[in-house]
Protein chains: 2
Amino acid sequence: MGRPALSAGENILKLAGVENEPPAEYRLQDQIGFVLRKAHQRHVAIFASRIGDLTPPQFAALAMLHEHGDTSQNQLGQMVAMDAATIKGVIDRLKTRGFLTVEKDASDKRRLTVHITPEGDQAVRELVSLAKEITQETLAPLSTREAETLLRLLSKIA
Amino acid sequence: MGRPALSAGENILKLAGVENEPPAEYRLQDQIGFVLRKAHQRHVAIFASRIGDLTPPQFAALAMLHEHGDTSQNQLGQMVAMDAATIKGVIDRLKTRGFLTVEKDASDKRRLTVHITPEGDQAVRELVSLAKEITQETLAPLSTREAETLLRLLSKIA
DNA sequence: CAAAATTCATTCGTATACAAATGATATCTG
DNA sequence: CAGATATCATTTGTATACGAATGAATTTTG
């Protein structure tokens with residue numbers, strides 16, 4: 001009588017009637033990090049399809065400089081969420097393109113001050129409408145209300 | 001009587017009472033791409049603080065292989081959203097670590113079949129609980145309900 | 001079946017992204 | 001003021017990420 005001892009795959013919970021709760025399995029597809037990476041990839045692809053000759057970080061740095069005016073290199077990096085090593089590369093490439101210039105700060109010889117050029121200003125002005133379209137296309141699968149919600153929640157975890 | 005001709009900054013809309021709608025300005029901080037990039041950065045930082053010796057893409061590839069079983073290199077890449085060049089690097093590094101092996105497919109000589117090793121399986125099993133904590137911490141600023149909403153909306157645009 | 005098209009993997013080049021180390025300059029503290 | 005700290009920028013090394021070109025193998029087509 002009775003039943004045999006517990007065999008592999010069985011446990012006391014099962015005996016007690018707490019059936020097979022799929023052990024809170026881990027599905028990669030449902031993890032925020034995985035979805036975040038894919039959403040970001042899709043956005044970058046949309047960006048590249050509309051603005052082929054500037055990357056999102058380059059545009060971000062230029063747009064921030066356009067909006068905010070002169071800043072130091074590291075400060076600009078902070079504003080657009082790039083560390084010192086990353087912002088340097090971005091600025092170098094924008095400098096090569098003639099969109100900005102860099103000069104030593106007289107009052108603090110460690111600093112570099114970054115200026116946007118007229119060409120840089122003009123580029124931002126011309127690209128803003130495309131950038132708006134990129135935002136639109138990225139959010140196209142969502143209703144206006146959903147898009148607002150997404151932006152709000154995403155901002156909270158950013 | 002009458003009023004002077006339109007001067008700079010004025011327009012017919014203003015005359016009609018549609019006041020100064022700030023020209024739908026473009027604020028970088030409100031663009032989905034910018035927020036997406038920052039949220040992704042934060043997640044990667046959290047991941048690195050908990051799982052120092054494996055990157056999110058490496059863990060994704062290994063977890064997918066664990067879950068799905070043997071696949072070709074490119075197919076694995078598709079499953080974890082990495083192009084051929086990217087997945088190759090990831091697999092090379094996991095191979096070096098002994099988490100997987102790669103061998104030529106006999107029936108299709110173009111293909112490489114990727115096998116997870118016992119060490120790889122073990123690593124996934126041990127890391128899953130940490131991975132869950134990473135998800136939790138990334139979503140910590142949100143309520144449970146908000147987290148579900150975010151995941152759902154993000155999946156739609158991913 | 002033979003030519004054309006496709007698929008799989010590799011390689012190269014460019015661009016983020018970040019840790020860590022370094023040198024120059026500023027600021028703080030005792 | 002002098003030594004300790006901190007900040008700014010640079011450099012190096014590693015790891016995604018992707019476009020484009022390439023070669024080998026397979027599949028499709030005419």
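Letters A, B, ... are given to chains in the order of the sequence lines, protein chains preceding strands, and every chain is numbered from 1.
Distance check: A:Asp92 CG to A:Lys95 NZ gives 5.0 Å after rounding to the nearest 0.5 Å. Rounding to the nearest 0.5 angstrom, the gap separating the CD1 atom in A:Ile134 from the CD atom in B:Gln31 is 9.5 Å.
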For nucleotides 21-27 of chain D, give me every protein contact, N/O to N/O, under 3.5 Å, one pair per line with atom names.
unit_1	atom_1	unit_2	atom_2	d
D:dT26	OP1	B:Lys109	N	3.2

Enumerate the protein-to-nucleotides 2-5 of chain D contacts in which both atoms are nitrogen or oxygen and the separation is below 3.5 Å.
none

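Counting to the nearest Å, the P atom of D:dG19 and the CD atom of A:Gln41 are 10 Å from each other. One interatomic measurement links the two molecules: NE2 of B:His40 to C1' of D:dA17, which rounds to 11 Å at whole-angstrom precision. Computed from coordinates, the A:Asp105 CG to D:dT7 C1' distance equals 13 Å when rounded to whole Å.
Taking the six-membered ring where tryptophan is involved, the planes of A:Phe47 and A:Phe59 are tilted, since the angle between them lies from 30° to 60°.
For A:Arg42 and A:Leu112, each mapped to the nucleotide of DNA chain D holding its nearest heavy atom, the one lying further toward the 5' end belongs to A:Leu112. Heavy-atom nearest nucleotides on DNA chain C were determined for A:Met82 and for B:Gln73, and the one closer to the 5' end corresponds to B:Gln73.
Taking the side chain as every heavy atom from C-beta outward, A:Leu100 and A:His115 never approach each other to under 4.5 Å. Under the 4.5 Å side-chain criterion, counting only non-hydrogen atoms from C-beta, B:Thr138 is not in contact with B:Thr135. By the 4.5 Å heavy-atom criterion applied to side chains, B:Tyr26 and B:Leu28 are counted as neighbours. Under the 4.5 Å side-chain criterion, counting only non-hydrogen atoms from C-beta, A:Asp105 is not in contact with A:Lys109. Between B:Leu150 and B:Leu153 the shortest side-chain heavy-atom distance does not fall below 4.5 Å. A 4.5 Å side-chain heavy-atom check between A:Leu62 and A:His66 finds every atom pair outside the cut-off.
Results of the side-chain contact (heavy atoms from CB on, under 4.5 Å) test with B:Phe99 over B:Ile116, B:Leu54, B:Ile91 single out B:Leu54 as the only residue that passes.
Using a 4.0 Å cut-off, some side-chain N or O of B:Gln58 falls inside it from OP1 or OP2 of D:dT16.
Screening residues 37-52 of chain B for side chain to side chain donor-acceptor pair (under 3.5 Å), with sequence neighbours left out, gives B:Arg50-B:Glu133, B:Arg50-B:Glu137. Under the side chain to side chain donor-acceptor pair (under 3.5 Å) criterion, the residue pairs touching residues 149-158 of chain B are A:Glu146-B:Lys156, with sequence neighbours excluded.
Against DNA chain D, the stretch residues 83-97 of chain B makes heavy-atom approaches under 4.0 Å through B:Asp83, B:Ala85, B:Thr86, B:Val90, B:Arg93.
No side-chain donor from either of B:Asn74 and B:Ser72 sits under 3.5 Å from a side-chain acceptor of the other.
Scanning DNA chain C 5' to 3' for nucleotides with an atom closer than 4.0 angstrom to a non-hydrogen atom of chain A gives a first and last hit of C:dA15 to C:dA26.
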